[in-house]
Amino acid sequence: MTERFDPAQADTRWQAAWDEAQSFRADDTSTKPRSYVLEMFPYPSGRIHIGHVRNYTMGDVLARYKRMKGFEVLHPMGWDAFGMPAENAAMEKGVHPGGWTRENIANMKAQLKRLGFALDWSREIATCEPEYYGQEQALFLDLYEHGLVYRKESAVNWDPVDQTVLANEQVIDGRGWRSGALVEKRKLSQWFLKITDFADELLDGLSTLDKWPEKVRTMQENWIGKSQGLQFSFDLSTGGKVEVYSTRPDTIFGASFVAVAADHPIAQGAAEGRPEVQDFIALCKQGGTTAAELETAEKLGFDTGITAKHPFSGAQLPVYIANFVLMDYGTGAVMAVPGHDQRDFEFATKYQLPIARVVAASAEEADKPFDGESEAGDGVLVNSDFLNGLSVAEAKAAVIARAEGEGWGEGKTVWRLRDWGVSRQRYWGTPIPFIHCEVCGVVPVPKKHLPVVLPEDVDFQTPGNPLVRHPTWKHVDCPQCGHPARRETDTLDTFVDSSWYFLRFASQPDDRPFDPAKIAEWLPVEQYIGGIEHAILHLLYARFWTRALARIGKIEVKEPFGSLFTQGMVTHETYSVFDIAPENTTQIGGSHEHWDKPVGREYFVSPAEIERRDGKVYEIATGRPVIVGRVIKMSKSKKNVVDPDEIVATYGADAIRWFMLSDSPPERDLPWSEAGIEGCGRFVQRLWRLFAQYDAAATGEDKALDRKVHQTVDAAARDIESLGFNKTVARIYELTGAVEKAQPSASRSAAIRTLLLLVSPMMPHLAEEAWASIGEGLIADAAWPEVDPALLVDDEVTVAVQVKGKLRDTLTVAKGTSKEDLEALALASEKVQRALDGAEIRKVIVVPDRLVNLVA
RNA sequence: GCGGGCGUGGCGGAAUGGUAGACGCUGCGGACUUAAAAUCCGCUUGGGAUUCCAGUGCGGGUUCGAGUCCCGCCGCCCGCACCA
């Protein structure tokens with residue numbers, strides 16, 4: 001063995017060896033138990049970033065560990081390859097989105113290979129290839145046949161410059177995120193998936209996902225947003241009716257007005273011929289929609305002059321148009337109960353409407369005044385006729401029963417979840433497989449004509465969807481009547497592509513989306529790993545798509561991901577500089593870590609552009625002082641990024657993998673540091689030196705070391721299975737120290753061999769290189785070391801001795817020493833006697849093998 | 001406002017109700033070396049000082065014993081939100 005481990009030559013050599021042996025190819029015919037380990041596949045933006053490295057390293061350690069434990073492991077990788085950045089690149093650089101994407105994939109694949117991930121590349125998928133999206137079109141048609149796909153007119157955010165629909169997230173302060181143009185609301189015919197049909201199922205299913213983070217389940221629960229209440233109508237003074245929805249029908253006797261949304265038909269009707277009403281409606285629509293604006297926005301109303309008759313009391317309640325009522329939730333109209341709803345309270349205060357108490361802590365507090373705000377809490381009904389004395393829950397049921405009995409309302413469940421609009425007016429996506437015929441209407445493309453392939457000869461010189469402008473592509477004959485017709489030019493939301501890729505990984509026949517038998521063997525994914533940013537959309541859509549396929553009989557599995565893990569981000573300090581020397585600026589107070597913040601234009605510099613001198617930090621190029629900012633997520637604009645390729649080139653793949661697993665618990669953020677990666681590089685060499693000391697001929701037993709080894713193997717396995725990689729890392733450091741200190745013996749040689757196996761999932765290249773002279777075959781194919789349960793327990797233990805709960809001494813005794821002996825030994829301790837100071841012992845607590853507590 | 005999470009050394013963090021600070025990083029001291037790098041050894045919560053005291057955001061409580069459990073606060077992070 002060489003003196004130093006040289007990753008530059010070892011890494012590529014072993015990566016080639018694994019390729020050659022096809023070590024990580026999942027065998028569908030294997031009789032071993034199955035394990036499907038999956039990380040969220042990347043968007044091929046061009047470069048692998050450090051967050052990918054952390055994500056895939058975690059999955060890789062688990063996949064390699066599972067193989068060692070005797071599982072047939074499926075650990076695939078692919079590319080979420082459709083999407084806007086490719087089109088933006090096309091517009092900005094004049095390249096074709098396909099060429100740009102495929103080149104990025106090639107680059108990123110090479111990067112992943114350099115990191116030594118144990119991936120089954122034979123199952124690689126790129127969603128932009130017809131072999132994939134053609135099958136997606138087939139699934140879309142299946143869902144259409146079963147009534148789960150439909151078309152309807154819907155208001156969308158339209159960017160008039162880019163000529164496209166924008167998602168809500170792409171509208172920033174009312175402007176398109178790319179063009180900066182004022183976004184318009186347009187009505188367009190859009191394709192929808194009936195996710196609301198699954199609202200109940202998706203909500204109930206969450207309770208079965210006990211290996212998902214509580215946080216993600218809660219987020220999905222809130223997103224689905226189930227609420228139960230009463231929908232009923234008020235008779236209006238105009239002779240009409242207004243339907244309202246309330247989750248608090250118990251408070252109906254506290255209603256003091258009715259409020260409708262600005263675009264509610266009643267408001268529209270009231271506006272006819274009345275400019276002042278029209279003005280008010282316009283004012284309501286002007287309001288911003290950001291959280292901050294909503295928080296501070298004043299409640300505004302306009303009294304229509306119409307009144308609504310209370311179903312019990314017969315009182316005439318005024319009907320207001322109000323800016324806080326949303327048209328697209330419930331019925332767009334509410335009964336307002338100021339005493340028990342804060343918005344209604346603010347509104348009633350402003351317009352001097354009655355604020356009645358109908359829920360109180362007790363019947364005696366029926367007339368207690370409000371303390372400047374509404375009360376939403378539980379209690380007993382008061383001032384409420386036949387409801388008086390009932391609890392909130394009882395009153396809700398009683399009102400719903402009356403309404404249903406008398407026929408003016410019914411109990412109803414309302415969901416926040418909306419159907420999933422999947423139409424995008426973009427080129428670089430899966431073509432929606434439909435044809436518009438003037439005679440037959442909307443006609444699905446016959447399956448035998450799939451895939452509907454994206455044309456390659458498109459131009460991006462003008463804004464808008466190139467598919468619309470393409471001279472020939474959209475012109476086809478109607479498959480039903482043969483008349484000239486037009487292809488659908490919208491493409492699918494890319495979230496559709498990522499809603500079933502995990503199925504295609506498990507099985508990829510040429511002639512169908514997947515083989516259900518193979519899906520049954522591999523799914524659900526045993527461990528799914530990815531970022532928290534996908535907690536709602538991707539994970540909800542994937543759950544929906546899986547359930548939809550199950551409902552139409554394509555597959556059996558209902559939940560795609562058995563266990564979910566959301567890993568933290570990789571963060572880094574930021575370094576910023578002000579372009580005016582500090583002596584020329586005014587100090588504005590407040591001290592930063594190193595410098596007071598001067599006035600000037602701030603710009604960010606990268607870690608490579610700074611140097612540290614005398615405990616302060618300077619920009620190398622200018623000598624200007626650097627402000628060391630918060631540790632935040634790496635991003636290009638803050639220049640606090642590190643390039644994984646450079647790290648691999650300097651320290652090798654194993655060092656960066658080890659860093660990704662060290663220190664921070666995997667669900668928390670990991671602060672990157674130069675010192676940290678250097679430490680990892682040192683440890684790689686330290687292990688290498690230790691492995692070089694392996695001596696197959698050594699003799700003699702070292703019982704204590706044997707125990708340490710077995711205890712570490714046992715604990716490391718548990719830690720890896722629970723993804724506690726930082727703890728595994730710490731244990732490996734401990735064992736390394738113990739082995740280094742041990743005298744040569746057969747035990748020590750065995751310990752080195754075992755340590756090598758333990759680190760192999762984390763540092764596979766180093767492990768293979770050392771294994772070549774110690775073991776047989778590839779360590780990638782080796783088994784996880786067996787644990788001897790007899791060696792997990794020590795025969796000597798350290799027992800803590802406390803006096804009144806305070807530690808005074810420790811005893812080293814044989815394991816299993818009797819309570820009596822322990823007590824006697826504790827009392828014999830000089831330190832204990834001094835602490836007791838002659839006091840009388842009232843009580844003795846002895847926990848065998850752990851502690852003795854003397855209570856005086 | 002609703003929901004979720006988190007507060008432990010200079011930093012990242014360990015700790016089935018039972019020896020708080022494992023392990024790593026940083027810093028300091030030492031060995032080796034002509035020197036440096038690499039490596040190795042020691043120290044690194046605070047105070048007093050070798051056998052002590054205090055200490056896990058703050059205030060209470062349960063317990064022989066609390067970082068851990070309970071109650072009440074404070075602070076930070078994340079998600080959702082005029083959702084009726």
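Throughout, protein chains are lettered first and strands after them, A, B, ... in sequence-line order, and every chain is numbered starting at 1. Computed from heavy atoms alone, side chains included, the values below leave out hydrogens, waters and symmetry copies.
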Rounded to the Å, how far apart are [X] [atom1] and [N] [atom2]?
X: A:M219; N: B:G4; atom1: CE; atom2: P; value: 13 Å
X: A:F345; N: B:G1; atom1: CZ; atom2: C1'; value: 15 Å
X: A:R718; N: B:U16; atom1: CZ; atom2: C1'; value: 10 Å
X: A:F683; N: B:U39; atom1: CZ; atom2: P; value: 13 Å
X: A:Q685; N: B:C40; atom1: CD; atom2: P; value: 12 Å
X: A:M762; N: B:G24; atom1: CE; atom2: C1'; value: 14 Å
X: A:L735; N: B:A22; atom1: CG; atom2: P; value: 18 Å
X: A:M335; N: B:C82; atom1: CE; atom2: P; value: 20 Å

Notebook entry, point to check: Among all residues two or more places apart in sequence or in another chain, which pass the ring-ring contact (aromatic ring centres under 6.0 Å, His included) test with A:F345?
Noted result: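 For A:F345, no residue satisfies ring-ring contact (aromatic ring centres under 6.0 Å, His included) once neighbours in sequence are set aside.
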By side chain to side chain contact (heavy atoms under 4.5 Å, CB included) - contacts of [X] (at least two apart):
X: A:A717; value: A:Y65, A:W784
X: A:V787; value: A:H710, A:V713, A:D714, A:L792
X: A:T566; value: A:P213, A:V216, A:I532, A:L564

Verify the contact: side-chain N or O of [X] to OP1 or OP2 of [N], cut-off strictly under 4.0 Å; return yes or no.
X: A:Y733; N: B:G24; result: no
X: A:R850; N: B:G17; result: no
X: A:N726; N: B:A14; result: yes
X: A:R416; N: B:A81; result: yes
X: A:R668; N: B:C6; result: no

Taking the side chain of [X] as heavy atoms from C-beta outward, which of [options] is closest to it?
X: A:I845; options: B:G18, B:A22, B:U39; result: B:G18
X: A:T798; options: B:A22, B:C82, B:U19; result: B:U19
X: A:W223; options: B:C80, B:A15, B:U39; result: B:C80
X: A:R686; options: B:C83, B:G24, B:C80; result: B:G24
X: A:F324; options: B:A20, B:C82, B:G18; result: B:C82

Note to self: Does the structure place the NZ or CZ of A:R416 under 6.0 Å from the centre of the six-membered ring of A:Y329, at an angle of no more than 45° from the ring's axis?
What the structure shows: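 No, cation not above the ring by the 6.0 Å, 45° rule.
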Note to self: Side chains of A:D341 and A:S374 only: does a donor on one sit below 3.5 Å from an acceptor on the other?
What the structure shows: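 Side-chain D/A pair, A:D341 to A:S374: absent.
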Next item on the list: First locate atom NZ of A:K831, then atom CZ of A:R808, and finally report the distance between them rounded to the nearest 0.5 Å.
Entry: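 One finds 11.0 Å between NZ of A:K831 and CZ of A:R808.
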Next item on the list: Would you give a per-nucleotide map of nucleotides 42-57 of chain B, 5' to 3', where B means the base has a protein non-hydrogen atom under 4.0 Å away, S means only the sugar-phosphate does, and - means neither?
Entry: ---------BSSS---
Next item on the list: Could you check A:P665 against A:I532 and say which one's nearest nucleotide on RNA chain B is further toward the 5' end?
Entry: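 Taking each residue's closest nucleotide, the earlier one in sequence belongs to A:P665.
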Notebook entry, point to check: With nearest nucleotides of RNA chain B determined for A:T218 and A:A675 from heavy-atom distances, which residue corresponds to the more 5′ nucleotide?
Noted result: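 That would be A:T218.
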Check: With syn defined as a glycosidic torsion within 90 degrees of 0 and anti otherwise, which applies to B:G59?
Finding: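 Chi for B:G59 falls in the anti range.
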Margin query: Let's test your reading of the pairing rules: Watson-Crick or G-U wobble, both distances under 3.5 Å, then write RNA chain B as a dot-bracket string with ( ), [ ], | and dots.
Written below: (((((((..(((.....[....))).(((((.......))))).(((....)))..(((((..]....))))))))))))....
Check: Is the centre of the A:Y351 ring less than 6.0 Å from the centre of the A:F257 ring?
Finding: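 Between A:F257 and A:Y351, which both carry aromatic rings, the centre distance is not below 6.0 Å.
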Next item on the list: List the steps and the verdict of salt bridge (Lys or Arg N to Asp or Glu O under 4.0 Å) for A:K226 and A:D200.
Entry: CA-CA 8 Å; A:K226 182 179 188 172; A:D200 249 322; 3.4 Å; yes
Item checked: Salt-bridge present (A:K708, A:E734; N to O < 4.0 Å) ->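 Yes, this pair counts.
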